[in-house]
Amino acid sequence: MLKVYNTLTGQKEEFKPVEPGKVKMYVCGLTVQNYSHIGHMRSAINYDVIRRYLEYLGYQVDYISNFTDINEKIVKRAKEEELSPADLAAKYSAAFLTDIQQFNVKPADKYLKVSENIDQIIEMVSTLIKKGFAYEKNGNVYFSVESFAGYGKLSGRTLAEMQAGARIAVNQDKHNPLDFALWKKVESEKGWPSPWGEGWPGWHIECSAMSMKRLGATFDIHGGGVDLIFPHHENEIAQSEAYSGRKFVNYWLHNGTVNLSGEKMSKSQGNFFTSREVLKEFSGQEIRYFLLTRHYHSPIDFSYERLAEAANSLQRLVNARQLLAKILELDIEKAPLTNLDNEFAKIPALKQTDFKSAMSDDFNTAEAIGVLHDFAGEINKYLNSNEFKLTESNFTILEKAEEVMLELAEILGLKFEVENAVNIDERLTTPLISLLLEVRETARSEKNWELADLIRDRLKELKIEIKDTPHGPDWEFDIE
RNA sequence: GGCGGCAUAGCCAAGUGGUAAGGCAGAGGACUGCAAAUCCUUUAUUCAUCGGUUCAAAUCCGAUUGCCGCCUCCA
């Protein structure tokens, strides 16, 4: 049974989709005004894992996200880069889509753009005015928080509490300082025509209009960073439920922030690492693995030291998988199953079960990774045992183990492949190195250590590291 | 000021009533001509502090301390 932590209720709940077998989820994307940073990637990776797991469980998932391509920030940044706002948005949404590939994040089924949904937004604002939830003043349209009884239910505070600590600048046009804009009048820039004059959509209306248009008035999962709970998601609930008269979202999921020395990474603070600069130091797989070692709801502290530790940890899993793959290429002997084989045969299914129960507990990737390490340990122990040899009998057991290992890794979006051949022409390099290894083996058998070491040392200078295993020599290209 | 979260070994991190997963780093051993990789063993009588509830608490309750988030754009 899948349980998810729902911000709306503050508890873990059993997950039941509106429509059996199908999951409709919407994840707040970003304002495409600059290159993405690691915090954005954590969100993208997190919901990618959630999506992958739901699909693994057999759900048909409709995963929607958005690009906010209209607002003041876009206009400001466009001027800085001397581009049109549309070109700026196109540039950075394309960059985002390129970046997520590096992290093995599957693209959403659809990225909705504000600029393509203005009609929908205007229709929604008009209806809210008609129903008495919103009012127009001087070309701006505001949502009246007092008109919506449930205002504050997501962030767990009442209107009175919010007003007591309000830091919002007084705006004479608003009935209540907490009222928020659904439509904003444009002063100097070019906006979109509307019944209230030229303007732009307010900050929260886009997600409501676009998600409901695609997924229906009530859908299953709405995700985003914890920093969106208030006011963004609170306001989405208010305007959406006021509009439709129905419950907007059943499960609200929120991922924790990525911090630097304990402080939230954010563009406005200027303390952030872009995905692109971190990718120069570590692979997308390593960064992805690092981010998944912590439960998604908790904040995670980012540093290159932690990342290096994570990379070593990931390497252990990759090594186990490599060992498995290597063994499967050995010559097969004819022999019956041993006790050792029979014991190991139970492992894959066992680990699969453990992994699923971890993931079904609010997508606990940290625990799931622990299971993978247990699994890797079992594989290593088995294959390194002196009694082990590949036989016709245990071949399928090993194949099954590899299959399960990769299947579970795939849920986390991990590939367990050595990503070291990037800059090598494998067609030439691999046979050449094999040749050198052969020569070295010969030298070793003749106890010509001088030659054997010369080959090893000279290859090491070329960043090629030799590893002798019980099953013959292996090598690795050392990228650092 | 209001609301909320967190505090687990040298470091990272699971664990929400039944007696502390996993990883990184470290130590010892096996294997190796020497290495590397791998394997085995080992590193928290204890979960910020102080009280309370319970047969039993890291887990529940209260207080204290510290850190963080939100209340303003933010993944």
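Proteins come first, then strands; the chains are lettered A, B, ... in the order of their sequence lines, and each starts at number 1.
- For the side chain to side chain contact (heavy atoms under 4.5 Å, CB included) with V258(A), the qualifying choice from R294(A), K264(A), R42(A) is R42(A), the only one to do so.
- The side chain of H373(A) contributes no N or O atom lying less than 4.0 Å from OP1 or OP2 of G22(B).
- Taking each heavy atom of F363(A) and V4(A) in turn, the nearest pair found is CE1-CG1, 3.5 Å.
- Proximity note for E367(A) (side chain, C-beta onward) versus C74(B), G15(B), C71(B): the nearest is G15(B).
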Pull out every protein N or O sitting under 3.5 Å from an N or O of nucleotides 32-34 of chain B, one pair per line with the distance.
from: G33(B); atom 1: N1; to: D453(A); atom 2: OD1; distance (Å): 3.1
from: G33(B); atom 1: N2; to: D453(A); atom 2: OD2; distance (Å): 3.0
from: C34(B); atom 1: O2; to: R456(A); atom 2: NH2; distance (Å): 3.0
from: C34(B); atom 1: N3; to: R456(A); atom 2: NH1; distance (Å): 2.6
from: C34(B); atom 1: N4; to: R456(A); atom 2: NH1; distance (Å): 3.4

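- Donor-acceptor pairing under 3.5 Å, judged by distance alone, is present between the side chain of K264(A) and the base of C74(B).
- Rounded to a whole Å, the CZ atom of R306(A) is 12 Å from the P atom of A25(B).
- In the set C11(B), A13(B), C71(B), C11(B) carries the atom at the smallest distance from any side-chain atom of E309(A).
- A salt bridge does not link E378(A) with K351(A): none of the charged nitrogens is closer than 4.0 Å to a carboxylate oxygen.
- Taking the P atom of each, C24(B) and G17(B) are spaced 30 Å apart, rounded to whole Å.
- Side-chain contact check for E407(A) and Q352(A): at least one donor-acceptor pair (N or O, by modelled atom type) lies under 3.5 Å.
- Rounded to whole Å, the distance from CD1 on I300(A) to P on A75(B) is 18 Å.
- In this structure, N364(A) does not reach the A14(B) phosphate: none of its side-chain N or O atoms is under 4.0 Å from OP1 or OP2.
- For F230(A), counting side-chain heavy atoms from C-beta on, the closest listed nucleotide (C24(B), C73(B), C71(B)) is C71(B).
- C55(B) and A25(B) are spaced 41 Å apart, taking the C1' atom of each and rounding to whole Å.
- What separates CD1 of I369(A) from P of C24(B) is a distance of 12 Å, to the nearest Å.
- Distance from the side chain of D374(A) is smallest to A21(B) among G23(B), C74(B), A21(B).
- Nucleotide A36(B) is matched to nothing when pairs are restricted to Watson-Crick or G-U wobble geometry with both distances under 3.5 angstrom.
- A 3.5 Å limit on both hydrogen-bonding distances identifies no Watson-Crick or G-U partner for A44(B).
- Between the CZ atom of R294(A) and the C1' atom of G5(B) there is a distance of 11 Å, rounded to whole Å.
- A salt bridge links R51(A) and D109(A); the closest N-O separation between the charged side-chain nitrogens and carboxylate oxygens is under 4.0 Å.
- Base contact: K467(A) has a heavy atom under 4.0 Å from a base atom.
- Among the nucleotides G2(B), G69(B), A37(B), the one closest to any side-chain atom of E263(A) is G69(B).
- Using a 4.0 Å heavy-atom cutoff across all strands shown, V371(A) reaches no nucleic acid atom at all.
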Full working for ring pair (Phe, Tyr, Trp, His ring centres under 6.0 Å) between Y142(A) and F180(A): CA-CA 5 Å; Y142(A) 299 103; F180(A) 56 91; 9.1 Å; no
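- At least one test fails for R288(A) against the ring of F103(A): distance under 6.0 Å to the centre or angle within 45° of the axis.
- Residue H297(A) is classed as having no contact, given no heavy-atom separation below 4.0 Å to the nucleic acid.
- Atom-to-atom, NZ of K460(A) to P of A37(B) comes out at 9 Å; the value is rounded to the nearest Å.
- The CZ atom of F344(A) sits 13 Å away from the P atom of C39(B) (whole-angstrom rounding).
- Base pairing of C24(B) is made with G10(B), judged by Watson-Crick or G-U wobble geometry with both donor-acceptor distances under 3.5 Å.
- Comparing atom distances between the R316(A) side chain and each of C71(B), G23(B), C74(B) picks out G23(B) as nearest.
- Using a 4.0 Å heavy-atom cutoff across all strands shown, R42(A) reaches no nucleic acid atom at all.
- The side chain of C28(A) sits closest to A75(B) out of C12(B), A75(B), A14(B).
- Within 4.0 Å of D474(A), counting heavy atoms only, lies no atom of the nucleic acid at all.
- With respect to the salt-bridge test (charged N to carboxylate O, under 4.0 angstrom), the residues K467(A) and E476(A) qualify.
- In this entry the distance linking CD1 of I229(A) with C1' of U72(B) reads 16 Å, nearest Å.
- With a 3.5 Å ceiling on both atom-pair distances, C31(B) lacks any Watson-Crick or G-U wobble partner.
- At a threshold of 4.0 angstrom between heavy atoms, the contacts of T257(A) include nucleobase atoms, whether or not backbone atoms are also involved.
- Using a 4.0 Å cut-off between charged nitrogen and carboxylate oxygen, D453(A) and R440(A) do not count as a salt-bridge pair.
- Across all strands, G29(A) comes closer than 4.0 Å only to sugar-phosphate atoms, never to a base (heavy-atom distances).
- Across the protein-nucleic acid pair, N271(A) atom CG and C68(B) atom C1' stand 14 Å apart, rounded to whole Å.
- Of the candidate nucleotides G23(B), C3(B), U38(B), U38(B) has the atom nearest to the side chain of N384(A).
- Here R77(A) pairs with E81(A) in a salt bridge; the nearest charged N to carboxylate O distance falls below 4.0 Å.
- Taking the P atom of each, U32(B) and U42(B) are spaced 24 Å apart, rounded to whole Å.
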